[in-house]
Enquirer: 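Sharing a structure, written as structure tokens. Questions coming.
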Amino acid sequence: MRAQDSATVSRGIAVRTSTGPMRSTGSSSPTGTGTTSAPASGKATDPAAQDQHRRRAGTAQAALGVVAFSLTFPATAWGLEGIGPWSFVALRCVLSAVIAGGCLLALRVPVPPRAHWGGLAVVGGGVVIGFPLLTSLALQTSSTSHAAVVVGLLPLTTAALSALRTGVRPSRTFWAAAIAGAVAVLAFTAQQSGGKLSTADLYLFGSLLVCAAGYTEGGRLAREMPGWQVIGWALVLCLPLTVVWAALALPHEPFQLTAHSSMGLLYSAIGSQFLGLLIWYRGMAAIGIPKASQLQLAQPLLTLVWSLFLLGEDVPAAAPLTAVAVLVCIAVTQRARG
């Protein structure tokens with residue numbers, strides 16, 4: 001019916017500009033020639049078909065986002081081969097912010113209202129600066145496979161912090177699964193560190209908290225503006241700080257642009273922090289947060305694969321086992337959240 005109505009309206013406009021009223025067109029033909037050609041394209045405007053196509057595209061985008069994120073730690077390890085951690089993170093943020101700012105300008109996106117600036121600062125402090133810096137410091141002494149398992153707790157940490165922030169009270173099943181996942185990761189880190197937490201582990205656990213805070217606040221802001229604009233404006237907001245940061249760090253740290261360090265820096269800035277978040281948010285908007293979170297369960301295992309093939313690391317047997325245990329716990333929390 002919609003396709004037919006559209007055909008009728010467009011035909012009526014043509015008649016109005018020439019000889020007579022628009023309404024005389026729809027019923028003047030005894031055979032209905034004004035509307036018979038529309039059903040041929042009816043499938044293209046079928047709401048069910050459009051929704052199915054949108055969900056398929058959203059699933060593909062969210063999956064590509066997960067793949068992009070899973071390469072972040074190997075790319076960071078490559079970058080640290082020639083660039084100091086403070087300089088690496090500062091340059092990564094500057095490059096991402098320049099690209100994001102260019103996109104916002106090109107699309108003439110208006111500046112967010114002042115009420116959102118505080119939330120954007122939290123996103124910037126947690127996702128743009130805090131998480132990359134703490135994980136980069138950790139990767140100076142930790143393997144990417146070890147870091148991938150620990151950071152596999154991020155969905156659980158985000159869910160717990162979100163529940164506290166919004167006042168929602170998850171079920172006992174949710175909290176039991178979340179605690180079980182945390183215990184599994186703590187046992188893994190203690191076993192790998194000889195019975196005690198290392199400095200790298202402390203950096204990684206700190207990165208979980210700041211990133212979860214950034215994700216939680218970003219999720220709240222995403223109700224008011226598109227998700228890609230949230231990360232875009234957070235990057236731009238941090239740009240003055242990161243420019244000064246880069247100027248101060250570069251003279252005091254190693255800076256050698258080898259093939260690995262260059263690829264690591266460019267991928268971290270463009271592939272992970274900007275394009276990865278862009279397609280991730282688009283996919284999440286299309287299929288919803290619960291389904292997108294299910295796709296993210298594969299991220300730690302993908303990082304283990306990259307660390308094996310790209311970095312040649314020896315992955316301990318406990319790493320994939322712990323990653324699978326965390327995966328199961330996250331799946332239970334997702335189901336418990338409903």
Enquirer: Looking at every heavy atom in both Leu104 and Val236, which two are closest together, and how far apart are they?
Expert: CD1-CG2, 4.0 Å
Enquirer: So does Leu311 get a backbone contact from the side chain of Trp306, meaning a donor-acceptor N/O pair under 3.5 Å?
Expert: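 The answer is no, because no donor-acceptor pair under 3.5 Å joins these two groups.
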Enquirer: How many angstroms lie between NE2 in His146 and CD in Glu313, if you round to the nearest 0.5 Å?
Expert: 11.0 Å
Enquirer: Minimum heavy-atom separation for Ala234 and Gly124, please, with both atom names.
Expert: CB-N, 3.9 Å
Enquirer: Could you tell me the separation between the NE2 atom of His116 and the CG atom of Leu237, rounded to the nearest 0.5 Å?
Expert: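 Rounded to the nearest 0.5 Å, the NE2-CG separation comes out at 13.5 Å.
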Enquirer: Using atom types as modelled and distance alone, determine if a side-chain donor or acceptor of Ser96 lies under 3.5 Å from a backbone N or O of Cys93.
Expert: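 It does not hold such a pair.
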Enquirer: Are any non-hydrogen side-chain atoms of Pro85 and Leu80 less than 4.5 angstrom apart?
Expert: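 Touching, per the 4.5 Å side-chain cut-off.
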Enquirer: Where do Leu95 and Ala269 come nearest, in terms of heavy atoms and distance?
Expert: CB-CB, 3.7 Å
Enquirer: Under a 4.5 Å cut-off applied to non-hydrogen side-chain atoms, are Leu154 and Cys211 in contact?
Expert: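 In short, these two side chains touch, coming nearer than 4.5 Å.
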Enquirer: Are the side chains of Ile279 and Leu275 in contact, using a 4.5 Å heavy-atom criterion?
Expert: no
Enquirer: Write down the atom of Thr144, the atom of Pro74, and the distance for their closest heavy-atom approach.
Expert: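 Closest heavy-atom pair between Thr144 and Pro74: CG2-N, 4.2 Å.
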Enquirer: Please name the pair of heavy atoms, one in Cys103 and one in Phe274, separated by the smallest distance, quoted to 0.1 Å.
Expert: SG-CZ, 3.6 Å
Enquirer: With a 4.5 Å cut-off on side-chain heavy-atom distances among I, L, V, M, F, W and Y, is there a chain of contacts connecting Val111 to Leu105?
Expert: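 They do not share one cluster, since no chain of ILVMFWY contacts under 4.5 Å joins Val111 to Leu105.
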Enquirer: Do you know the tightest heavy-atom contact between Ser268 and Phe88?
Expert: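 Smallest interatomic distance, heavy atoms only, reads OG-CZ, 3.5 Å.
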Enquirer: Given the rule in the side chain to side chain contact (heavy atoms under 4.5 Å, CB included) test, do Ser272 and Tyr267 qualify, once you have shown the distances and angles that lead to the verdict?
Expert: CA-CA 6 Å; Ser272 177; Tyr267 183 82; 4.1 Å; yes
Enquirer: Any chance you could measure Trp117, atom CH2, to Trp233, atom CH2, to the nearest 0.5 Å?
Expert: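 So the gap between those two atoms works out to 9.5 Å.
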Enquirer: Just by distance, do the side chain of Thr303 and the backbone of Ser70 share a donor-acceptor pair under 3.5 Å?
Expert: yes
Enquirer: So which of Val89, Thr76, Leu250, Leu265 actually passes side-chain contact (heavy atoms from CB on, under 4.5 Å) with Ile83?
Expert: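 Result for side-chain contact (heavy atoms from CB on, under 4.5 Å) with Ile83: Leu265.
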Enquirer: In this structure, which one of Leu120, Ile231, Val122, Thr216 forms a side-chain contact (heavy atoms from CB on, under 4.5 Å) with Leu221?
Expert: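 Testing each of Leu120, Ile231, Val122, Thr216 against Leu221, the sole residue satisfying side-chain contact (heavy atoms from CB on, under 4.5 Å) is Leu120.
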Enquirer: Tell me if a side-chain donor or acceptor on Thr72 pairs with a main-chain N or O of Phe69 at a distance below 3.5 Å.
Expert: yes
Enquirer: Show me, pair by pair, the donor-acceptor contacts under 3.5 angstrom made by side chains of residues 126-139, not counting sequence neighbours?
Expert:
{"unit_1": "Thr135", "atom_1": "OG1", "unit_2": "Phe131", "atom_2": "O", "d": "2.7"}
{"unit_1": "Thr135", "atom_1": "OG1", "unit_2": "Pro132", "atom_2": "O", "d": "3.1"}
{"unit_1": "Ser136", "atom_1": "OG", "unit_2": "Pro132", "atom_2": "O", "d": "2.7"}

Enquirer: Are the side chain of Thr242 and the backbone N or O of Trp245 linked by a donor-acceptor pair below 3.5 Å?
Expert: no
Enquirer: Less than 4.5 Å apart, side chain to side chain, heavy atoms only: is that true for Leu321 and Val324?
Expert: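 No, side chains not in contact.
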Enquirer: Please name all residues satisfying side-chain hydrogen bond (donor to acceptor under 3.5 Å, both in side chains) with Thr258, sequence neighbours left out, ordered by chain then number.
Expert: Ser261
Enquirer: Taking atom types as modelled, is there a side-chain donor on Ser87 or Glu253 under 3.5 Å from an acceptor on the other?
Expert: yes
Enquirer: Name the one of Val151, Val149, Thr199 that satisfies side-chain contact (heavy atoms from CB on, under 4.5 Å) with Leu204?
Expert: Val151
Enquirer: Rounded to the nearest 0.5 Å, what separates atom CE in Met263 from atom CG in Leu310?
Expert: 9.5 Å
Enquirer: To the closest 0.5 Å, what do you measure between CD (Gln61) and CZ (Arg56)?
Expert: 14.5 Å
Enquirer: Report yes if some heavy atom in the side chain of Leu308 is under 4.5 Å from a heavy atom in the side chain of Asp314; otherwise report no.
Expert: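 SC-SC contact between Leu308 and Asp314 ruled out.
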Enquirer: Would one find more than 12 heavy atoms of other residues, nucleotides or ligands at under 6.0 Å from atom OH of Tyr203?
Expert: no
